[in-house]
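Report on one structure; see the data block that follows.
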Amino acid sequence: GLLGHFAGARHGLHTGYTFTFLEDRSFKPEVFAKHYAFLTGIEGLWPCVTFSNHDVPRTVTRYGRTMDAGPALAKLALALLMTLKGTVLLYQGEELGLPDGPIERHQIRDPVGELYFPYSKGRDPCRTPMPWVAGKPSLGFSYGEPWLPVAPAHAALAANKQEHDKDSTLWFARALVALRKAHPALVLGEMRVLAATEQVLAFERVRGGDHIVCVFNLSNSDASFAIDDAAGERLLTVGAAQDAGQALKLGPRSAVIVRRKL
């Protein structure tokens with residue numbers, strides 16, 4: 001089948017979008033666990049992992065249907081994206097935590113929106129102009145009138161504003177890229193799912209002597225996860241999380257990435 005021609009094969013496609021995550025709106029641990037269980041059955045396959053592109057609602061908009069679509073959700077989703085096995089593709093604006101932009105009927109450019117409005121506005125909401133500079137016309141995207149309207153709410157998330165805020169999603173995204181590059185396990189390591197409950201997704205990435213454990217609470221309530229070396233080297237924390245004996249106590253929408261000592 002076509003999957004056999006994805007990355008890792010000698011001939012065929014260099015890579016291809018995995019729509020399992022692009023179409024997901026639940027952010028449930030089982031979605032990720034089941035997909036990787038499926039992938040492991042295909043010999044020689046190296047997956048592509050992405051949460052957003054120009055054809056689907058943006059990550060924080062899709063997942064924000066069940067939780068607050070703010071910076072906390074954007075950071076949690078980015079942390080998960082950057083630690084899953086596969087070649088990561090980031091969509092423009094994902095590093096800023098952009099939600100979809102509002103589109104009125106007369107502003108629609110996408111044939112899908114033309115056909116299905118008001119049931120669907122098509123793909124235009126995820127294609128609105130990138131907010132580069134708050135305060136400039138079209139938020140610095142263009143000196144003229146852009147093809148699609150600038151989203152007013154994107155001004156607060158403009159690149160120049162986040163550049164000067166070390167707690168911003170942009171700075172967090174850069175830290176994640178650096179973390180990934182620093183650990184072979186996160187770049188090319190194998191992946192094994194440790195748990196996928198209603199709240200918690202936990203998995204390990206291993207390559208040589210590099211052993212990383214990633215634990216995510218994808219829910220809106222507190223959770224815990226038993227880990228035999230919770231006091232290992234903490235590489236990253238998202239949200240409220242703390243060690244509690246042989247367990248991790250995870251606040252809503254939080255994550256912990258730990259490097260185990262082999």
Side-chain angles (χ1 to χ4, degrees), residues 15 17 21-22 27 32 47-54 58-64 67-101 126-136 139-141 151 153-189 191 201 203 205 207 210 212-218 232-241 250-251 253-259:
T15 192
Y17 272 121
F21 301 150
L22 288 170
F27 210 36
F32 303 95
C48 166
V49 56
T50 182
F51 289 174
S52 287
N53 73 6
H54 66 282
R58 288 181 174 276
T59 303
V60 295
T61 295
R62 288 201 327 279
Y63 293 152
M67 56 183 67
D68 179 43
L73 175 57
K75 292 177 180 179
L76 181 64
L78 281 169
L80 178 56
L81 179 69
M82 285 291 185
T83 52
L84 289 171
K85 177 184 176 180
T87 298
V88 172
L89 299 183
L90 273 180
Y91 181 50
Q92 53 89 4
E94 198 168 358
E95 76 283 7
L96 301 178
L98 298 186
D100 280 357
C126 70
R127 300 176 175 181
T128 56
M130 272 284 288
W132 292 105
V133 182
K136 278 196 173 184
L139 297 182
F141 179 80
H154 287 182
L157 300 173
N160 75 315
K161 292 184 72 69
Q162 295 203 35
E163 183 68 50
H164 295 93
D165 178 7
K166 292 187 177 182
D167 291 326
S168 69
T169 303
L170 177 58
W171 275 77
F172 184 78
R174 289 171 176 163
L176 279 170
V177 171
L179 178 68
R180 183 180 173 91
K181 288 183 176 181
H183 293 278
L186 295 179
V187 178
L188 294 172
M191 174 175 163
L201 173 67
F203 54 89
R205 303 289 311 279
R207 186 172 177 84
D210 199 27
I212 310 291
V213 177
C214 308
V215 184
F216 292 82
N217 177 8
L218 303 182
E233 181 187 359
R234 184 81 66 91
L235 299 178
L236 185 76
T237 302
V238 183
L250 301 158
R253 301 175 302 281
S254 65
V256 172
I257 299 174
V258 175
R259 186 174 190 269

Next item on the list: Test side chain to side chain contact (heavy atoms under 4.5 Å, CB included) on T169 and L96 and set out the steps.
Entry: CA-CA 5 Å; T169 303; L96 301 178; 5.8 Å; no

Check: Checking side chain to side chain contact (heavy atoms under 4.5 Å, CB included) for the pair R174/L170: CA distance, chi angles, key distance, verdict?
Finding: CA-CA 6 Å; R174 289 171 176 163; L170 177 58; 3.9 Å; yes

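- Rounding to the nearest 0.5 angstrom, the gap separating the CZ atom in R180 from the CG atom in L236 is 13.5 Å.
- Residues E163 and S168 have side chains not in contact (no heavy-atom distance under 4.5 Å, counting atoms from C-beta outward).
- Contact of the T87 side chain with the V49 side chain is not registered, since no non-hydrogen atoms from C-beta on lie closer than 4.5 Å.
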Item checked: Candidate pair F32 and F21, rule ring-ring contact (aromatic ring centres under 6.0 Å, His included), full reasoning -> CA-CA 8 Å; F32 303 95; F21 301 150; 4.9 Å; yes

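- L73 is listed as a side-chain neighbour of F27, based on a closest heavy-atom distance under 4.5 Å.
- Atom NE2 of H183 and atom CZ of R207 lie 14.5 Å apart (nearest 0.5 Å).
- Of all non-hydrogen atoms in V238 and F172, the two that sit nearest each other are CG2-CZ, 3.7 Å.
- Between V215 and L250 there is a side-chain heavy-atom pair separated by less than 4.5 Å.
- Side-chain atoms of D100 do not come within 3.5 Å of backbone N or O of T61 as any donor-acceptor pair.
- Residues Q162 and W171 form no side-chain contact, since every pair of their non-hydrogen atoms from C-beta on lies 4.5 Å or further apart.
- Residues G97 and A74 approach most closely at CA-CB, 3.7 Å, considering heavy atoms.
- Between F216 and T83 the shortest side-chain heavy-atom distance falls below 4.5 Å.
- For the pair D210 and R259, the tightest heavy-atom approach, listed with the atom from each and the gap, is OD1-NE, 2.9 Å.
- Atom NZ of K181 sits about 12.5 Å away from atom CG of L176, to the nearest 0.5 Å.
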Margin query: Go through it in stages, so that I can follow the logic: the residues are M82 and V88, the test is side chain to side chain contact (heavy atoms under 4.5 Å, CB included), and I'd like the CA-CA distance, side-chain angles, deciding distance and then a yes or no.
Written below: CA-CA 7 Å; M82 285 291 185; V88 172; 4.2 Å; yes

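- When all heavy atoms of S52 and R62 are compared, the pair lying nearest together is OG-NH1, 4.2 Å.
- The side-chain heavy atoms of L186 and I212, taken from C-beta on, include a pair separated by under 4.5 Å.
- Looking only at side-chain heavy atoms (C-beta outward), V60 and P99 come within less than 4.5 Å of each other.
- Between L76 and A255, the closest heavy-atom pair is CD1-CB, 3.8 Å.
- Put simply, the residue from L22, L90, L80 that forms a side-chain contact (heavy atoms from CB on, under 4.5 Å) with F51 is L80.
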Next item on the list: Please step through side chain to side chain contact (heavy atoms under 4.5 Å, CB included) for the pair L84 and F203, ending with a clear verdict.
Entry: CA-CA 9 Å; L84 289 171; F203 54 89; 3.9 Å; yes

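- Nearest heavy atoms, L81 versus E94: CD2-OE2, 3.7 Å.
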